[in-house]
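Let me begin by presenting the structure, written as structure tokens, before commenting on it.
On a predicted model such as this, the values are computed, not experimentally measured, just so you know. Here, residue 1 is the first one in the sequence, and each next residue gets the next number.
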Amino acid sequence: MAPIDPHSFTESTHPLATHISLSLFFDFPSSTIHASALLTLPAPHSGPLSLDARALTVHSVLDPQSSAPLPFSLSSPDPIKGCHLTVSLSNHSSFLIVYSTSPSSSALQWLSPPQTFNKTLPFVYTQCQAIHARSVFPCQDTPAARVRYAAKLNVPCQLSAVMSARHVDRRDPIAGEGAALVSADALWCAEGRVVEEFVMEQPIPPYLFAFAVGELGFREVGPRTRVYSEAVPAVLESAATEFASTEDMIRQGEALFGPYEWERFDLLVLPPSFPYGGMENPRMTFLTPTVLKGDSSGAQVVAHELAHSWTGNLITNKTNEHFWLNEGFTTYAERRIVEAVQGEDRAALNIGIGWRGLNKEMERFKDNLEVTKLKTNQEGVDPDDVYSEVPYEKGFQFLWRIERQVGRPAFDEFLKKYIATFKFQSIDTDTFLDFLKANLPGIEKEVDLILWTEGTGIPPDAYEPVSSIYSKIVSMANEFKLGRMPREDEVADWQGQEWELYLENLPKSIEASQILELNSRFRLSESKDYEVKVAFLLLAIASKCKEHYVEVEKTLKAVGRKKYLVPLYSALVEGGTGKEEEKILAKRVFAEARDSYHPIAQGVIETILSKHI
């Protein structure tokens with residue numbers, strides 16, 4: 001008996017389900033879903049079958065033909081993996097699980113009407129990466145287990161649904177189709193309910209399962225792209241403007257990596273509590289509203305999620321220990337798309353900000369060097385606790401190093417062949433390295449592949465970007481140490497990325513008086529671009545410039561994106577003596593803001609606070 005993934009109970013000797021058919025009844029007043037999941041195996045199986053579940057109540061497991069109950073057991077919860085659900089089969093090729101989710105489901109955020117833009121109707125959405133699909137439905141919740149699915153979502157008729165799947169129909173409930181559920185047809189066919197049907201015909205890892213249900217509107221922005229959000233004209237219009245170049249990006253992606261395999265590339269702008277910048281759910285990318293910056297730079301997040309359509313969604317890391325295969329490749333691909341659509345200077349700024357981020361992560365993890373490797377050991381580790389920029393930026397640097405060695409034309413040819421060879425498969429680092437050595441012969445003599453994938457820290461042949469705009473901004477940041485502020489005319493045409501790079505390169509030991517002067521000139525604390533605002537507020541906390549603590553509190557209460565929450569809370573509580581006031585502020589703000597954060601963000605911030613308070 002050998003699990004195939006340190007984060008899953010899935011057994012290597014058990015067959016992997018090929019299809020899951022879900023019926024989901026959304027009960028907003030209780031923040032639960034009453035559901036059934038029909039799992040289909042590739043062939044009849046006898047004996048135990050291991051599944052992952054978290055915070056699920058399993059009512060019964062049935063033979064779908066006879067409705068006879070099948071034996072099952074549910075273990076007590078493991079703090080990281082959740083519960084081990086074991087189903088006993090006897091020559092069954094499919095089985096039906098009847099269950100309900102819990103209000104504490106780690107994937108789901110249920111928003112009450114006051115937490116939405118329009119304040120009138122509720123909203124719910126999923127975030128299943130890394131290991132949270134198991135809190136929505138029982139499954140083999142490892143990226144090694146790719147699966148097709150179909151879903152019927154029974155929701156109040158004032159609401160509509162989107163999924164990481166093709167929309168088939170919106171129709172009235174049909175008597176009998178909810179028969180397996182608790183309360184059965186009385187619930188399913190109640191007045192004021194509607195069924196939204198979806199199918200995903202390509203095999204995807206479970207973490208890419210996604211839905212959102214709420215009062216949704218949309219705008220067309222391209223031949224295969226709509227942008228959805230809550231039905232607020234201002235949000236929809238700004239999203240349509242920000243993402244107007246999406247079709248150009250899809251075409252650039254296809255030129256680089258081959259055909260786009262998912263038919264549509266729709267976008268959903270979620271409420272501010274969404275914990276990530278974007279989530280590459282196939283056919284329906286989820287986005288934070290903080291990417292709506294008004295200068296098209298938010299489109300770079302879209303470029304990243306689009307690039308996942310090839311690297312991540314078509315070819316997937318086998319387990320989270322090889323997460324760089326998803327994110328390093330995608331960061332490389334994103335920057336190639338940005339370079340093609342927005343120009344070399346924009347791509348260089350993007351790389352420069354990433355380089356600063358990578359160096360900061362090395363400092364953050366100086367006591368946990370395992371996390372600075374590309375190929376990591378995550379036995380007994382919660383992937384949410386070690387989520388960082390390392391797989392993105394060190395992975396990017398590794399691929400960029402290979403490109404510099406062999407030249408871009410040869411590397412582009414390699415990339416296309418890599419994607420064509422492994423599409424719709426889940427692979428590990430060794431599989432990639434074997435393919436690399438076979439297709440770029442001698443590469444291991446020129447680039448130390450073991451040092452890059454298994455070594456800690458940043459290898460000596462990593463590369464800080466070179467461009468005139470990047471060098472100018474870094475040298476201006478260095479001049480700040482000598483007391484020189486930028487002149488108005490020097491920064492007149494700066495967008496958010498220029499300011500972000502400038503702030504990231506300022507010395508951390510700034511006087512509070514300098515922070516106040518910088519802000520009085522350039523109003524950085526009021527920036528609409530959260531990358532700029534948060535970079536500035538981190539400097540304010542480091543210099544104990546308490547005049548800006550009100551803005552720190554407002555920011556922590558306004559957004560739920562972990563990229564901003566983690567550094568701000570960390571800056572407030574890390575460090576020993578003299579931080580009492582900041583620690584009290586962090587504790588109070590989290591107590592007041594906690595319920596507005598997604599469960600994933602709640603857990604990560606609780607870990608930070610418990611370590612330092």
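A distance-only check finds no donor-acceptor pair linking the side chain of T376 to the backbone of T372 [under 3.5 Å]. A donor-acceptor pair is defined here as one N or O able to donate and one able to accept, closer than 3.5 Å; no such pair exists between the side chain of N281 and the backbone of A210. Between the side chain of N313 and the backbone N or O of E280, at least one donor-acceptor pair lies under 3.5 Å. Of the possible donor and acceptor atoms, none in the side chain of R224 sits under 3.5 Å from a partner among the backbone N and O of F265. Looking only at distances, a side-chain donor or acceptor of E242 sits under 3.5 Å from a matching main-chain atom of G298. Listed for the T311 side chain is no donor-acceptor partner under 3.5 Å among the backbone atoms of H308. Distance alone, capped at 3.5 Å, places no donor-acceptor pair between the D384 side chain and the V604 backbone. One N or O on the side chain of S520 and one on the backbone of E517 form a donor-acceptor pair closer than 3.5 Å. In terms of modelled atom types and a separation under 3.5 Å, the side chain of N317 and the main chain of L325 share no donor-acceptor contact. Side-chain N or O atoms of Q397 include none that pairs as donor or acceptor with a backbone N or O of A462 at under 3.5 Å.
Between E363 and K366, at least one side-chain N (NZ, or NE/NH1/NH2) sits under 4.0 Å from a carboxylate O, which counts as a salt bridge.
A distance of 10.0 Å separates CG in L537 from OG in S527, rounded to the nearest 0.5 Å. The distance from the CH2 atom of W355 to the CG atom of N350 is 15.0 Å, given to the nearest 0.5 Å. In this structure, R484 CZ and M476 CE are separated by 5.5 Å, a value rounded to the nearest 0.5 Å. The structure places CZ of F398 at 15.0 Å from CD1 of I458, a figure rounded to the nearest 0.5 Å.
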Checklist entry - Where do W262 and Y260 land on the side-chain contact (heavy atoms from CB on, under 4.5 Å) test, with the steps shown first? => result CA-CA 6 Å; W262 306 93; Y260 180 78; 3.6 Å; yes
Checklist entry - Step by step, would you call E581 with K546 a salt bridge (Lys or Arg N to Asp or Glu O under 4.0 Å)? => result CA-CA 10 Å; E581 186 181 336; K546 293 176 183 174; 2.9 Å; yes
Next on the checklist: With side-chain hydrogen bond (donor to acceptor under 3.5 Å, both in side chains) as the criterion, how do R561 and Y564 come out once you've worked through the C-alpha distance, each side chain's angles and the decisive distance to 0.1 Å?
Outcome noted: CA-CA 6 Å; R561 186 176 176 186; Y564 309 139; 2.8 Å; yes
Checklist entry - Step by step, would you call K360 with E389 a salt bridge (Lys or Arg N to Asp or Glu O under 4.0 Å)? => result CA-CA 9 Å; K360 278 165 65 177; E389 290 184 43; over 6 Å; no
Item to check | side-chain hydrogen bond (donor to acceptor under 3.5 Å, both in side chains) evaluation trace for W310 with T330 | outcome: CA-CA 8 Å; W310 292 273; T330 298; over 6 Å; no
Checklist entry - Should V269 and F243 be marked as a side-chain contact (heavy atoms from CB on, under 4.5 Å) after you check the CA-CA gap, both sets of side-chain angles, and the distance that decides it? => result CA-CA 11 Å; V269 178; F243 308 135; 4.2 Å; yes
Next on the checklist: Walk me through whether E574 and K579 qualify under salt bridge (Lys or Arg N to Asp or Glu O under 4.0 Å).
Outcome noted: CA-CA 8 Å; E574 284 173 0; K579 293 292 285 280; over 6 Å; no
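Shown here for I80 and I131, the closest heavy-atom pair between the two residues is O-CD1, 3.6 Å.
By the 6.0 Å contact criterion, NZ on K587 is open, its count of non-hydrogen atoms from other residues, nucleotides or ligands being 12 or less. Annotation: E464, atom CD; neighbour count of heavy atoms from other residues, nucleotides and ligands within 6.0 Å is above 12. The local environment of NZ in K119 is crowded, with over 12 non-hydrogen atoms from other residues, nucleotides or ligands closer than 6.0 Å. In K554, the NZ atom is not crowded: 12 or fewer heavy atoms of neighbouring residues, nucleotides or ligands sit closer than 6.0 Å.
Counting heavy atoms from C-beta outward, Q129 and F323 have side chains that approach closer than 4.5 Å. With a 4.5 Å cut-off on side-chain heavy atoms, D382 and T607 do not count as touching. Here the side chains of L306 and T285 are not in contact, with every heavy-atom distance at 4.5 Å or above.
A cation-pi contact links K533 to Y530, judged by a cut-off of 6.0 Å to the six-membered ring centre and 45° from its axis. Geometrically, K562 engages Y387 in a cation-pi contact, judged by NZ or CZ lying under 6.0 Å from the ring centre and within 45° of the ring axis. The side-chain tip of R404 points at the ring of Y463 from less than 6.0 angstrom away and within 45° of straight on.
With S106 as reference, H132 is the one residue of Q127, Q602, H598, H132 to meet the side chain to side chain donor-acceptor pair (under 3.5 Å) rule. A ring-ring contact (aromatic ring centres under 6.0 Å, His included) with Y502 is found for exactly one of F522, F536, W494, namely W494.
When the side-chain contact (heavy atoms from CB on, under 4.5 Å) test is applied to P459, the partners found at least two apart in sequence or on another chain are K394, L451, W452, D461. Applying the side-chain contact (heavy atoms from CB on, under 4.5 Å) criterion to V573, with sequence neighbours excluded, gives K583, A586, I608, L609, H612, I613. Every side-chain contact (heavy atoms from CB on, under 4.5 Å) that S238 has, sequence neighbours left out, goes to L292.
For the residue pair Q342 and Q300, a side-chain donor N or O sits within less than 3.5 Å of a side-chain acceptor on the partner.
Relative ring orientation between F329 and Y418 is described as parallel, the plane-to-plane angle staying below 30° on a 0-90° scale split at 30° and 60°.
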